[in-house]
Amino acid sequence: MIALGFAFEHMDGVTGVTCRRAGDCYALCLAEQAGRTSRERLGYLVRCFSEGMAFLPLHPAQKTTLGQAEEMAMNADLHRALAKVAGTGQLTLSLAPLRPLQNAPCTGQSWLRQKQCDQDRLVTDTAMFERLGEAVQCKASELRRSHHAQQCDLLIERQDEARAKAILAKVAANEPTLDNRTLSISGLWPPFAFANLAPPGSAT
Amino acid sequence: MTMPFEISTDAVLDALSPSGQNAGRVTIDPETVEQDLARLVLGLMEFLRQIMELQAIRRMENGTLTDAQEEALGTTLMRAEAAITDMAARFNLKPEDLALDLGPLGKTI
């Protein structure tokens, strides 16, 4: 069985998701074959979230077995963790270049100068994400970078989704550092980036 | 005026990118121990490489490097980055997978 998260009441309502006792709470579970990929796990998490279920979500990118969830339930303060994210969801902001990435620098000196530009851009992007978070007056995750985009998550109250998106659109439209790049927003997702749940056996 | 803001329909990729406090945690799984160890070792190597990269950029900005030194440092760090990326790929690891979470100190990458 694959664990999706934790609930403090027995829940039904989403086909394929069952509740299994884990410590003094319940683990929301899927059959192994239904939750093999992160995309599948995300789909079920979104369905549970859309049904208005109150639960503490595990990150869909991480595959957590029922056994690991049971161990987490014994060792983590799940009640406090759920209280922190109850009634919330997360919006994910992604910043990617509109133009294709430039050709890779071919000399050591040009490579180093490109890295210098990347560092400068990271500083301005970090400041921009902070401004967006302040505009919505919400908690923001750390900035993370992939090869083609920089992203962060914003934790908002579920009923504030429309207001938050409207504010972000207004602030982003006047954001000078966006330049030729596109800022995308996705969500409202279950707040798995803020659930602060570590699988057992993990370091740091 | 073009609005630089849009609602993305490709939201799944955004949500599934490594995020949250668990992104950099190193899990020890008997079935994936080789990949876990590779992630730990290569993550530390990439962390050290990036520290040296930052130091090189600082020296370049301060004007304490000659053109030849910039070229030598840049070439060395560029090749080191490529070698680490290549080794990571052999273990099915992407560059962003090499980020390690140091708790209160933040992430390495």
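Numbered from 1 within each chain, the chains take letters A, B, ... in sequence-line order.
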I'd like to know whether CZ of A:R163 has more than 12 heavy-atom contacts from other residues, nucleotides or ligands below 6.0 angstrom.
yes

Which atoms of A:Q116 approach chain B - backbone, side chain, both or neither, heavy atom under 4.5 Å
both

Give, as side chain, backbone, both or neither, the part of A:R113 having an atom under 4.5 angstrom from any heavy atom of chain B.
both

Out of curiosity, B:L54 CG to A:Q119 CD, how far, rounded to the nearest 0.5 Å?
5.0 Å

Quick check: are there more than 12 heavy atoms from other residues, nucleotides or ligands sitting under 6.0 Å from CZ of B:R79?
no

Please report the C-alpha distance between A:W111 and B:E53 in whole Å, then the side-chain angles of each, then the deciding distance to 0.1 Å, and finally whether the side-chain contact (heavy atoms from CB on, under 4.5 Å) criterion is met.
CA-CA 11 Å; A:W111 182 91; B:E53 180 183 299; 3.4 Å; yes

Does atom CD of A:E32 have more than 12 heavy-atom neighbours from other groups under 6.0 Å away?
yes

If you check every heavy atom in residues 59-69 of chain B against those of chain A, which residues fall under 4.5 Å?
B:M60, B:E61, B:D67

Option that, when pairs with chain B are counted at under 4.5 Å, heavy atom only, ranks first among A:G108, A:C152, A:G43:
A:G108

